[in-house]
J.: 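Would you mind keeping the following structure in view while I ask a few things?
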Amino acid sequence: MRLNSRALLLLVLSGSSVGTSFGFSIPSRKSGVRLLSAEFVSDHDVYKINRKLDELAEQCGDAKKPVVAIASEVEDIYHASEKKDLVSFNVLLKAWGRTCQSLERQKYIHYDVHEKLSTTSIPSVAVYTPRDAAEHLTKHLMEAEASYEKDPDGDLIYPDETSYNIAIDAWAKISVPDSTEAAERLLKKMINNPRLEPCLISYNSVLDSHAHSSDVTSLKRMNKIWQHMQNLAEDGNKKVKPNLRTANLILTACVRMAERLEDVNDKMACAEQARALLEDMKKRVDAGAVEFTPDITTYSIVMDVYARVGIAKSALKAEDLMKEIKEVFQETGDCRRQPNVRTYTTLIGAWSRTTDTRAAARAESLVEEMEELYAERMAKGTPLKPGEETTKPNARTFTTVLHAISRSRDHGKAKRALRTLMKMRELAKTDPDCTPTIGAYNQAIDACAKSRGDQVEALKIAFAILKTVEMDENVKPIDHTYSNTIKTVAFLLPTGSERNKLALAVFEKAKKDGMVSGEVMKNMRKALDADAMHELLSEDFIDNQQVPHSW
């Protein structure tokens, strides 16, 4: 049974946090409700209702909240309210668009947190995944469009360009196989609708979906869209004239393409294509198209394409770009073109993917440079300018350094990795952004496995790191943690009973945590002798390939 508009707008939940920031709360299906005064309702015109709905829609962008329940409440109020207009409709779509993004981010939230989120509220709409939310949003859009087509002269709310742009953006922000096709279908509907005119936002949102697509043809399709936009602009349609974001999206697609390619020469060709686009942007700026002025994001993306090549030559190309953008910043003082933590971390990543003898030392020196620049900036005592970002290293920066150390040929890499890990833990006492992730611990253990110096010492360091992981409240061991530790045993100890004993001890920990994966078994085969492996396999295995479910 659906409440009428006045009753629904009068209902509030005693003690509810949803909506309280603007003076009233939305009813929960778990609690009783009370009524607000009639004076309150009479004072709420469509503008105020839309403003309050928009505040709820904004909350749907917080992945730590029960976003489906909040979006459902927006929908309930929208349907029940007699005071609604096109703005109300677009706010409804916005709520579900933000929910798409939050559900996508919730995929990477720790399981315990996700369980807490999923049981906080009971939504009225059956939406569970990012795809569900995107399809639900699109359904609203298509139903409104169909209603308008049946009665174009009626007093109905019909979608506008903003409505379609919200829907396209929702599909662009989720990782499902056909998200790009869905975004393109909506753009084509806009193009074929005489009432609508796609704008730059429409095209950029479609490009955004391509930029994050796993389709190998995405980059080619993006270049065609780019050319189409330029043709339209030259014919007088300035609403779709490409801008800096357009170019940055194409560069982002180059990163994904370089990552997928296997041949080093093909990877380098992709990086050079990205560099060529950067040079083209600079020429456009010289010709007066200042909207193409490359910012620090542009340079960071092109550096990232070079980073994906994974050789010293490409790392040096990234170094050249860093030098260039530093000079640009020195000349202009434009904080939008100032190297930041992402720029430096990307350059460290370029070195970390190589096996060059300079990689680990260069990675560490770049971190020192970041810390010095950050200290100098903070010493000025002035607030950060709008858009200004610092060079303060974070956990991702240090994890990338650990990757460089792991891949290096330094015989003392185990000690080097331990020093970096200890530095992270020390910094984390005052800076949570430096808290070691499980990825950082895993990289440090991997560095021990590949150590060619004092192997006994490296083995002790690896087990000390594993013990630290088990004691760290911020992380939990995963299959790679155990796999890397077993690999360390296999690489650093000679075949025999001692190696069998240590490998089996780690294996039992993995088994207890339900973390026995194919990778763990692969390294167990390296660590155990034939008799020990045969005994292990005969314990619970049905065959030699399938890991028992209980493991």
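Everything numeric in this text was worked out from a predicted model, so none of it was measured.
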J.: Output the distance between atom CG (L249) and atom CG (N243), rounded to the nearest 0.5 Å.
T.: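 Between L249 CG and N243 CG, I get 9.0 Å after rounding to 0.5 Å.
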J.: Nearest 0.5 Å, what's the CD1-CG distance between I311 and D356?
T.: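 The CD1 atom of I311 sits 10.5 Å away from the CG atom of D356.
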J.: So that I can tick it off, tell me whether R221 and D215 are bridged by a salt bridge, with the cut-off set at under 4.0 angstrom between side-chain N and carboxylate O.
T.: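 So D215 pairs with R221 through a salt bridge.
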J.: Just how far is it from atom CD of E388 to atom SG of C335, taken to the nearest 0.5 Å?
T.: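 So the CD of E388 and the SG of C335 are separated by 5.5 Å.
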J.: Look at the side chain of K267 and the backbone N and O of L261, then say whether any donor-acceptor pair between them is shorter than 3.5 Å.
T.: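 Judged by distance alone, yes, a pair lies under 3.5 Å.
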J.: Which one of D85, D160, I157 satisfies the side-chain contact (heavy atoms from CB on, under 4.5 Å) criterion with N90?
T.: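 Of D85, D160, I157, side-chain contact (heavy atoms from CB on, under 4.5 Å) with N90 is met by D160 alone.
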J.: Where the side chain of H212 meets the backbone of D208, is there a donor-acceptor pair that is under 3.5 Å apart?
T.: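 Yes; at least one donor-acceptor contact below 3.5 Å.
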J.: I'd like to know if the side chain of K173 and the backbone of Q101 have a donor-acceptor N/O pair within less than 3.5 Å.
T.: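 Here the side-chain-to-backbone pair does not exist.
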J.: Do M303 and M322 pass the side-chain contact (heavy atoms from CB on, under 4.5 Å) test, and can you show the C-alpha distance, the side-chain angles, and the key distance before you say yes or no?
T.: CA-CA 8 Å; M303 288 168 64; M322 175 65 92; 4.2 Å; yes
J.: Give a yes-or-no answer on whether the side chains of R377 and T382 include a donor-acceptor pair shorter than 3.5 Å.
T.: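 Side chains of R377 and T382: pair found under 3.5 Å.
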J.: Would you compute the distance between atom SG of C60 and atom CD of E73 and round it to the nearest 0.5 angstrom?
T.: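 C60 atom SG to E73 atom CD measures 10.0 Å (nearest 0.5 Å).
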J.: Between T138 (side chain only) and A134 (backbone N and O only), is there a donor and an acceptor less than 3.5 Å apart?
T.: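 Side chain of T138 to backbone of A134: a pair is present.
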J.: So, S352 side chain and G349 main chain: donor-acceptor pair closer than 3.5 Å or not?
T.: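 Flag set: sc S352 to bb G349 pair under 3.5 Å.
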J.: Over 60° means perpendicular and under 30° means parallel, so classify the ring planes of H79 and H140, tilted if in between.
T.: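 Geometry flag for H79 against H140: tilted rings.
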J.: Could D286 and K282 be called an ion pair, given the rule that one side-chain N must be under 4.0 Å from one carboxylate O?
T.: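 No, no charged N to carboxylate O under 4.0 Å.
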J.: Looking at K150, R195, K189, which hits salt bridge (Lys or Arg N to Asp or Glu O under 4.0 Å) with E145?
T.: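 Testing each of K150, R195, K189 against E145, the sole residue satisfying salt bridge (Lys or Arg N to Asp or Glu O under 4.0 Å) is R195.
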J.: I'd like to know if the side chain of S175 pairs up with that of K107 as donor and acceptor (distance under 3.5 Å, no hydrogens or angles considered).
T.: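 Checked: S175/K107 side chains pair up, N/O donor to acceptor below 3.5 Å.
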J.: Compute whether any side-chain donor of one residue and acceptor of the other, for N223 and Q227, lie under 3.5 angstrom apart.
T.: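 Looking only at side-chain atoms, Q227 and N223 do not form any donor-acceptor pair under 3.5 Å.
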J.: Looking only at the side chains, is there a donor atom on one of N394 and T397 sitting less than 3.5 Å from an acceptor on the other?
T.: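 There is such a pair (donor and acceptor under 3.5 Å, judged by atom type) between the side chains of N394 and T397.
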J.: What ring pair (Phe, Tyr, Trp, His ring centres under 6.0 Å) pairs are there with at least one residue in residues 299-334, not counting sequence neighbours?
T.: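 Passing the test, one end in residues 299-334: no pairs.
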J.: Tell me the ring pair (Phe, Tyr, Trp, His ring centres under 6.0 Å) pairs involving residues 152-182, sequence neighbours left out?
T.: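 Found Y148-Y158.
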J.: Any donor-acceptor pair under 3.5 Å linking the side chain of R337 with the backbone of P294?
T.: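 Judged by distance alone, yes, a pair lies under 3.5 Å.
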J.: Got a donor-acceptor contact below 3.5 angstrom from the S102 side chain to the T99 backbone?
T.: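 Looks like no, no N/O pair under 3.5 Å.
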J.: Is a side-chain donor or acceptor of N192 paired with a backbone partner of K188 at a separation under 3.5 angstrom?
T.: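 Yes; judged by distance alone, with no hydrogens or angles, the pair exists.
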J.: Any chance the side chains of T345 and R342 put a donor and an acceptor closer than 3.5 Å?
T.: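 No donor-acceptor contact under 3.5 Å links the two side chains.
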J.: Taking the side chain from S406 and the backbone from L402, do they hold a donor-acceptor pair closer than 3.5 Å?
T.: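 Not confirmed, S406 side chain does not pair with L402 backbone.
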J.: Is there a donor-acceptor pair closer than 3.5 Å between any side-chain N or O of R98 and the backbone N or O of Q59?
T.: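 No; judged by distance alone, with no hydrogens or angles, the pair does not exist.
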J.: Would you call E55 and R51 a salt bridge, using N to O less than 4.0 angstrom?
T.: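 Salt bridge: yes.
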J.: To the nearest 0.5 angstrom, please state how far the CG atom of L186 sits from the CD1 atom of I168.
T.: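 It is 5.5 Å, given to the nearest 0.5 Å.
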J.: Take L277 and V302 through the test side-chain contact (heavy atoms from CB on, under 4.5 Å) and record every step on the way to the result.
T.: CA-CA 9 Å; L277 178 53; V302 179; over 6 Å; no
J.: Can you list the steps and then say if E181 with E184 is a side-chain contact (heavy atoms from CB on, under 4.5 Å)?
T.: CA-CA 5 Å; E181 287 73 14; E184 284 192 344; 5.6 Å; no
